[in-house]
Amino acid sequence: MNARSCGQVLAEMASFTPCYRSGSFGMYIHVPFCLQKCGYCSFYSVAGAKSWYGRFVKAVLRQISQAAPASWARQRRPRTLFLGGGTPSVLPAESIVSLVRQCIQEFNCADEELEITVEVNPATIDYAGLCALRRAGVNRLSIGVQSLDDNELLCLGRVHNGAEARESVVLARRAGFTSLSLDLMYGLPGQSAAGWRNTLDQAVDLAPDHLSMYELTIESDTPFCRQQDKGQLNLPVEEEVLAMMEYSLEATQKAGLHRYEISNYARPGYECRHNSNYWLNGSYFGFGPGAVSCCSGERTTAITDVARFCKLVESGQSVITEQERLTREQRFRETVIMGLRMSCGIAVSSLEQRFSLHPVDYYGTVLKRLVDQELIVLNCGRLQLTPTGFLLANRVMSELV
Ligand code: SF4
């Protein structure tokens, strides 16, 4: 395979310049509620906990106010806000609006061009609610479609059907959202390459600005994992999954959605800034139970228990249950691995500037072997995965971790 020319790399980056900004950070709010648990899901979220919604929102509003005066926040400017979960859209629209407004007000960023994303489930949105979000400044929606086949959705344990997913896109456009992302999954139980083509073709016809496509992975301690252990999960064979991946590239290319990260595709200019900050290993601050924050080399995780989270915030105590100070080398390696997820890779000059380490010197023979195997290239001053490297990304990353 030939490395892309500098011209191609620069053209790709013209609309998407994921440069690391040391003086900025992303904000994340984890909403840990879902209508029901999907069979494959290992995220922290609880179903049937409606009675906790109000108390949770109050606790997070308070947590945001408490965080804003901290020195890390005063020294940096927020660039993005992402409400994820769980299913943020199970909350009433006015609760989501109050969380967004609190962030804008407390972090004093009304004049910033913030990217504000809310993850929604097609079964939990309506036109009036979407209009309220749009008015409050939410400018990006990430719709959890996963599949447009009703049988597959049922098997995944999703609460929506294909028609509701299609309708959610229509409603979002009508409410004024000009940046829409759809989440899809492939490699599902019983799914054929033809089935995946059918879902992807329909998704592309909905003209999304952004697509995230993830292969189903079986996480431990999930219902899917238990079914697999009993031999009850009929997953597609490797060749079938490879055919799905191949078709994903073909269909997105035809639709003008360029692959800018292993699993993410966008129209030029519609790449997700919030997630790009993670891939650049930038600073971020998370609110809510289970949310992770990382700032100045310190990573913390909040308690994954909504009741205890609320009680701790209400009594003014810390919600942190894990705290880790990362060494310079740990941060360097994490930055390399995360950066390689992006098609444009990672600038060697930026690594040297941030960590005073050069990947060629640091990784020595390990990197040389990956280059000789045509899995990685050093192209125009950037370390990048080749197309084969993208296919074998897990293997490459495990050598660099
Ligand atoms: S809706 Fe999302 S967070 Fe909730 S159970 Fe399903 S996959 Fe997990």
Side-chain angles (χ1 to χ4, degrees), residues 28-53 56-57 60 82-93 95-96 99 117-126 129 140-169 172 180-189 191 199 203 210-228 233 235 263-264 272 274-275 278 286-292 301-306 309:
Y28 174 77
I29 299 178
H30 188 75
V31 180
F33 305 115
C34 293
L35 290 185
Q36 69 181 33
K37 283 298 283 185
C38 304
Y40 57 90
C41 179
S42 64
F43 294 127
Y44 172 59
S45 72
V46 283
K50 203 172 175 181
S51 58
W52 280 93
Y53 293 178
F56 160 81
V57 171
V60 175
F82 195 106
L83 278 87
T87 309
S89 54
V90 297
L91 295 177
S95 296
I96 301 177
L99 292 168
T117 306
V118 176
E119 277 182 350
V120 299
N121 180 298
T124 57
I125 51 172
D126 59 32
R140 189 169 180 276
L141 282 189
S142 173
I143 306 178
V145 171
Q146 313 313 351
S147 168
L148 288 159
D149 179 299
D150 286 349
N151 289 327
E152 287 173 2
L153 288 166
L154 203 64
C155 157
L156 290 173
R158 304 290 300 181
V159 287
H160 67 276
N161 59 31
E164 283 171 317
R166 284 186 290 274
E167 177 67 6
S168 66
V169 173
L180 280 190
S181 178
L182 306 184
D183 275 5
L184 298 176
M185 288 171 73
Y186 61 91
L188 310 180
Q191 189 180 45
T199 279
H210 187 282
L211 271 183
S212 297
M213 298 189 276
Y214 291 94
E215 181 183 351
L216 173 72
T217 51
I218 306 302
E219 305 289 344
S220 58
D221 209 19
T222 57
F224 271 21
C225 179
R226 289 185 279 278
Q227 284 178 39
Q228 190 181 41
L233 209 59
L235 293 174
S263 309
N264 286 278
C272 178
H274 184 81
N275 287 339
Y278 291 135
F287 303 100
V292 178
T301 309
I303 191 164
T304 46
D305 179 323
V306 70
F309 169 85

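For ligands, and for the atoms within them, numbers begin at 1 and follow the listed sequence.
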| Protein heavy-atom partner closest to atom 5 (S) of ligand 1 - residue, atom, separation in Å | C38 N, 3.3 Å

| query | Judged by atom type as modelled, is there a donor-acceptor pair below 3.5 Å linking the side chain of H210 to the main-chain atoms of N264? | reply | no

| field | Heavy-atom check, side chain of L83 versus side chain of L91, under 4.5 Å | value | no

| message | Under a 4.0 angstrom heavy-atom cut-off, which atoms of ligand 1 come close to T87? | response | 1 (S), 4 (Fe)

| request: For atom 4 (Fe) of ligand 1, grab the closest protein heavy atom and report residue, atom and distance to one decimal in Å. | output: C34 SG, 2.2 Å

| note | the protein heavy atom lying closest to atom 7 (S) of ligand 1 turns out to be Y40 OH, 3.4 Å

| request: Taking all heavy atoms of T301 and all of G290, pick out the closest pair and write down the distance. | output: CG2-O, 4.0 Å

| Does a donor on one side chain and an acceptor on the other come within less than 3.5 Å for E219 and T217? | yes

| query | When you measure from atom 3 (S) of ligand 1 to every protein heavy atom, which one gives the shortest distance, and what is it? | reply | G86 N, 3.3 Å

| said: Using heavy atoms and a 4.0 Å limit, tell me yes or no: is N121 in contact with ligand 1? | reply: no

| Can you check whether T304 reaches P289 side chain to side chain, under 4.5 Å on heavy atoms? | no

| task | Of all the heavy-atom pairs spanning V31 and F56, show the shortest one and how long it is. | result | CA-CZ, 3.8 Å

| remark: Closest to atom 2 (Fe) of ligand 1 by heavy-atom distance, out of R158, E119, K37, is R158

| said: Return the closest protein heavy atom for atom 8 (Fe) of ligand 1 as residue, atom name and distance. | reply: C41 SG, 2.3 Å

